[in-house]
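Below: the structure, in structure tokens.
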Amino acid sequence: MSPFEPPKANVEVADRGAGIPKPVQVRWAVGLFWASLATSIPGMFFEAAKSQADGGLGFFLAFSAVFVALAVTLIIYIDRGRNWARITMLILMIVFTPLWFAQSEPAPGPQPLIDGLTYVGFVLDIVGLYFLFTRPGALWFRRL
């Protein structure tokens with residue numbers, strides 16, 4: 001063995017989250033996020049119909065596809081315990097909440113139902129984030 005040869009160590013990849021059960025609050029939060037996403041679907045159909053009449057259906061469908069893909073990705077990674085997904089969800093909620101309240105305008109049709117579902121989804125997101133950022137949910141994300 002040469003004196004200039006680096007030392008060798010047997011390094012194994014360990015499962016850093018092994019043995020730490022997912023708190024019930026995190027399971028509830030993930031379920032609430034899925035329910036919130038489901039409550040947004042009727043509003044998307046309503047807005048798609050409005051966009052089709054305005055001629056902006058293509059843009060709306062592309063935007064909706066990106067929104068749904070981002071939401072699904074964040075929910076999946078939150079369920080897997082990724083702290084970056086939890087923080088990203090919080091930042092998006094902080095950024096888009098004022099925009100959402102600023103754009104609310106009365107419209108004819110089934111708007112009260114759509115607005116009601118949107119408010120329900122908003123409350124579900126707030127409660128889900130509360131579960132993720134308070135104990136024991138917050139501690140589970142810091143386990144790694």
Side-chain angles (χ1 to χ4, degrees), residues 5-144:
E5 189 174 331
K8 296 181 181 175
N10 188 9
V11 179
E12 296 181 24
V13 177
D15 183 11
R16 296 167 57 186
I20 302 173
K22 186 184 307 180
V24 173
Q25 288 82 354
V26 174
R27 291 175 207 226
W28 271 94
V30 169
L32 291 172
F33 291 144
W34 284 120
S36 173
L37 184 60
T39 62
S40 70
I41 301 298
M44 286 184 194
F45 282 116
F46 180 72
E47 291 295 326
K50 277 188 0 184
S51 296
Q52 187 174 12
D54 297 341
L57 182 61
F59 174 77
F60 177 77
L61 291 177
F63 179 78
S64 295
V66 169
F67 165 76
V68 170
L70 178 64
V72 167
T73 301
L74 288 175
I75 294 168
I76 288 171
Y77 279 101
I78 286 171
D79 191 39
R80 292 180 182 173
R82 302 299 187 259
N83 196 40
W84 64 265
R86 174 180 77 128
I87 293 170
T88 303
M89 183 75 88
L90 176 66
I91 291 170
L92 289 174
M93 192 71 173
I94 290 170
V95 168
F96 285 110
T97 296
L99 297 174
W100 177 66
F101 279 113
Q103 66 89 24
S104 35
E105 59 185 49
Q111 193 67 27
L113 174 65
I114 301 301
D115 285 345
L117 288 173
T118 304
Y119 286 119
V120 167
F122 177 72
V123 170
L124 293 175
D125 285 337
I126 294 293
V127 173
L129 285 170
Y130 174 79
F131 284 156
L132 294 182
F133 282 92
T134 56
R135 290 177 182 239
L139 295 177
W140 185 69
F141 282 96
R142 297 184 200 280
R143 75 192 188 282
L144 302 178

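Side chains are part of it too, since the values below use all heavy atoms of this structure and drop only hydrogens, waters and symmetry mates.
A pairwise comparison of heavy atoms in P98 and V95 identifies CD-O, 3.5 Å as the closest pair. When all heavy atoms of F131 and L32 are compared, the closest pair comes out as CE1-CD1, 3.9 Å. The heavy-atom pair separating W140 from R80 by the smallest distance is CH2-C, 4.1 Å. The two residues G121 and T39 have their closest heavy-atom pair at CA-OG1, 3.4 Å. Closest of all the heavy-atom pairs between L124 and S36 is CD1-N, 3.8 Å. Closest of all the heavy-atom pairs between F67 and S40 is CE2-OG, 4.1 Å.
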Exercise for review: Just do the side-chain contact (heavy atoms from CB on, under 4.5 Å) check on L132 and W28 with the steps written out, would you?
Suggested key: CA-CA 9 Å; L132 294 182; W28 271 94; over 6 Å; no
Exercise for review: Report the C-alpha separation of F122 and V127 in whole Å, then their side-chain angles, then the decisive distance to 0.1 Å, and conclude whether the side-chain contact (heavy atoms from CB on, under 4.5 Å) test is met.
Suggested key: CA-CA 9 Å; F122 177 72; V127 173; over 6 Å; no
Exercise for review: For side-chain contact (heavy atoms from CB on, under 4.5 Å), just list the numbers for D79 and F33, CA-CA rounded to whole Å, side-chain angles, deciding distance to a tenth of an Å, and then say yes or no.
Suggested key: CA-CA 10 Å; D79 191 39; F33 291 144; over 6 Å; no
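Side chains of D125 and Y130 form no contact here, defined as non-hydrogen atoms less than 4.5 Å apart. Counting only heavy atoms from C-beta outward, the side chains of F141 and V26 approach each other to under 4.5 Å. Using a 4.5 Å cut-off on side-chain heavy atoms (C-beta onward), Q25 and T134 make no contact. The closest side-chain heavy-atom distance from I76 to R82 is not below 4.5 Å.
One finds the CD1 atom of I94 at 4.0 Å from the CG atom of L90 (value rounded to the nearest 0.5 Å). Interatomic distance, M89 CE to L70 CG, rounded to the nearest 0.5 Å: 8.0 Å.
Under a 3.5 Å cut-off, the side chain of T97 and the backbone N or O of M93 do form a donor-acceptor pair. With hydrogens and angles disregarded, no donor-acceptor distance shorter than 3.5 Å links the side chain of K22 to the backbone of R27.
In this structure, Y77 places its OH atom where only 12 or fewer heavy-atom neighbours from other residues, nucleotides or ligands lie under 6.0 Å away.
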